[in-house]
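Notes follow once the structure below has been shown.
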Amino acid sequence: MTQPDRGFVSLRDVHKTFGAHKVINGISLDVAKGETICIIGPSGSGKSTLIRCINALVPVDRGSIHLDGIEVNTPKLDKLALRRRVGIVFQQYNLFPHKTALENIMMAPITVLKQDRAEVEARARALLKKVRLAGKEGAYPGELSGGQQQRVAIARSLAMRPDVMLFDEVTAALDPETKKDVLTTIQDLARDGMTCLVVTHEMGFAREVSNRVYFTEGGLIVEHAPPAEFFSNPQDPRTREFLSQVL
Amino acid sequence: MQVIYDWFLAFYERTGINLSFIYDNFDRARIIKGFWLTIELSVITIALSIVVGVIGAWLKGARSGWVRHSVDAFISIFRNTPPLVQIYFFYFGLGFMLPRVMDPISGTMAPMVTNFQWAVLSLSLFAGAFNIEIFRSGMEAVPRAMVEAADSLGYTRSQIYWHVVLPLAFRNCLPALGNNLVNLVKTTNLAYAIAVPEMMYAAKQIWSDSSNVREMMIFLLFAYVFLVAILVYGLNWLERALRIPGYGQMGGR
Ligand SMILES: Nc1ncnc2c1ncn2[C@@H]1O[C@H](COP(=O)(O)OP(=O)(O)O)[C@@H](O)[C@H]1O
Ligand SMILES: [Mg+2]
């Protein structure tokens with residue numbers, strides 16, 4: 001159960017240090033079910049770390065992270081219960097190179113959720129179609145372009161039927177042509193009501209697709225606002241500085 | 001067949017080259033038995049040494065320091081001592097400490113573990129210790145990000161090992177594994193030292209009886225060349241069969 005005063009995904013005063021290096025210094029944010037938010041900020045500002053905290057890939061030092069009422073920052077966390085509800089897609093795709101596109105999508109539901117193979121396969125084929133890769137079922141990751149691999153990676157996450165999707169600069173390694181296909185795929189997902197947290201440098205995407213934009217620097221959220229407001233009237237000088245560089 | 005045997009006997013009488021293991025029924029039976037026993041030893045120890053390697057490599061990634069150090073100690077002992085000393089240690093050191101048991105067939109007291117079994121155990125652990133290190137380095141070449149991806153999909157530690165890390169690590173380390181297995185096949189002849197009648201042992205019995213050391217040595221050399229060639233052929237086939245399309249270099253694109 002989501003508590004009334006907290007979002008579907010909700011962070012409260014989250015801190016994280018790597019050794020002596022403070023990477024996240026008290027971040028709070030709330031994302032409602034079905035919302036898409038974008039997180040932007042200079043590299044090294046802790047965006048990837050923040051995203052990875054949410055599915056417990058990175059354990060936090062302090063603060064509370066809720067996902068639909070599941071407390072993430074507790075030793076009693078049921079990791080499987082959390083991870084079947086949260087999908088994550090990385091910059092480098094990280095597909096399993098020894099499995100075909102279809103097998104990559106089928107593996108987790110079969111291995112982790114012990115679901116019926118035939119049923120999973122039907123769903124995997126439908127997912128490949130959804131990310132517009134019908135016909136590539138038998139291709140190995142090494143035989144696909146970066147953009148195609150990234151869409152398989154998205155389908156692989158979706159096969160677990162998550163409630164939340166995390167995207168960490170998923171188009172950063174792609175050329176402009178294939179970037180568009182991947183962004184369109186995420187946009188379709190957002191339209192279908194998936195809750196999405198998107199770390200990105202694509203300002204056009206943030207402006208058009210997101211409900212809110214967060215700007216991070218030095219492990220803090222400097223400012224957040226709906227995209228229209230955020231891009232036309234940034235309040236903080238650091239945000240203005242950043243936007244003047246990327247726009 | 002008899003024609004061939006007669007020819008080799010005549011060949012011996014004419015030239016003095018004594019291939020008794022071809023024309024002599026008793027010698028032939030001995031060498032064939034030895035040859036098969038060498039193959040049996042090789043196949044069993046290859047399989048068991050891979051099992052030792054796979055399990056050991058997994059345990060080396062264990063959370064418990066005690067488990068990791070035990071694996072390290074095991075590796076040190078078996079890598080840093082001569083395999084002949086290991087075989088003697090097992091057969092004479094451990095073997096004589098075990099009680100003798102009643103053999104239900106012959107009705108006499110017999111050792112609990114036969115010399116063949118000691119040879120299998122000893123050689124498997126010897127090659128297995130190397131396999132642990134080989135698998136381990138193959139695992140280190142698997143990108144950390146691959147593990148993170150599986151972890152994020154809810155895989156448990158052992159599922160990650162079996163479904164992601166091991167299949168990739170195995171491909172990465174196949175050349176090194178091949179070298180070690182070839183070495184193992186060559187080392188099976190140490191079972192000779194504890195009277196396992198494998199090929200080398202059989203050859204020695206024959207040359208003692210028939211005084212044809214030179215001929216038997218040449219035979220042994222070619223027989224091992226032949227066995228290793230089969231293994232290398234099998235390994236190359238495996239490497240081709242496991243090749244992943246579009247996955248050229250080790251561990252990434
Ligand atoms: N596992 C780690 N160990 C040590 N330092 C890390 C680790 N992960 C990230 N960092 C450091 O944390 C800082 C923020 O990294 P990151 O979250 O990747 O930022 P961003 O994604 O915004 O570029 C960087 O200085 C990085 O070097
Ligand atoms: Mg990053």
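Just so we're on the same page: letters track the sequence lines, and every chain starts at 1. Side chains are part of it too, since the values below use all heavy atoms of this structure and drop only hydrogens, waters and symmetry mates.
Residues of residues 132-140 of chain A lying within less than 4.5 angstrom of chain B, judged on heavy atoms, are A:Y140 in numerical order. Contacts of residues 153-161 of chain B with chain A at a heavy-atom distance below 4.5 Å involve B:L153, B:G154, B:Y155, B:Q159, listed in sequence order.
Looking at residues two or more places apart in sequence or on another chain, you find no side chain to side chain contact (heavy atoms under 4.5 Å, CB included) involving A:S43.
Using a 4.5 Å cut-off between heavy atoms, A:R156 contacts chain B through both its backbone and its side chain. Interface remark: A:V86 contributes backbone atoms only to the contact with chain B (heavy atom separation under 4.5 Å).
Within 6.0 Å of the NZ atom in A:K33, the count of heavy atoms belonging to other residues, nucleotides or ligands exceeds 12. The number of heavy-atom neighbours closer than 6.0 Å to CH2 of B:W118, taken from other residues, nucleotides and ligands shown, is above 12.
For residues 95-107 of chain A, no residue pair satisfies the salt bridge (Lys or Arg N to Asp or Glu O under 4.0 Å) rule, not counting sequence neighbours.
The choice from A:I88, A:L57, A:L80 that makes the most heavy-atom pairs within less than 4.5 Å of chain B is A:L57. Ranked by heavy-atom pairs under 4.5 Å with chain A, the list B:P167, B:S152, B:A150 is led by B:S152. Among A:M107, A:K79, A:R84, the residue with the largest count of heavy-atom pairs under 4.5 Å with chain B is A:M107.
The closest side-chain heavy-atom distance from A:F96 to B:H163 is not below 4.5 Å. The shortest distance between side-chain heavy atoms of A:Q92 and B:P143 does not fall below 4.5 Å.
Between B:D151 and A:R83 there is a salt bridge, with a side-chain nitrogen of the basic residue lying less than 4.0 Å from a carboxylate oxygen of the acidic one.
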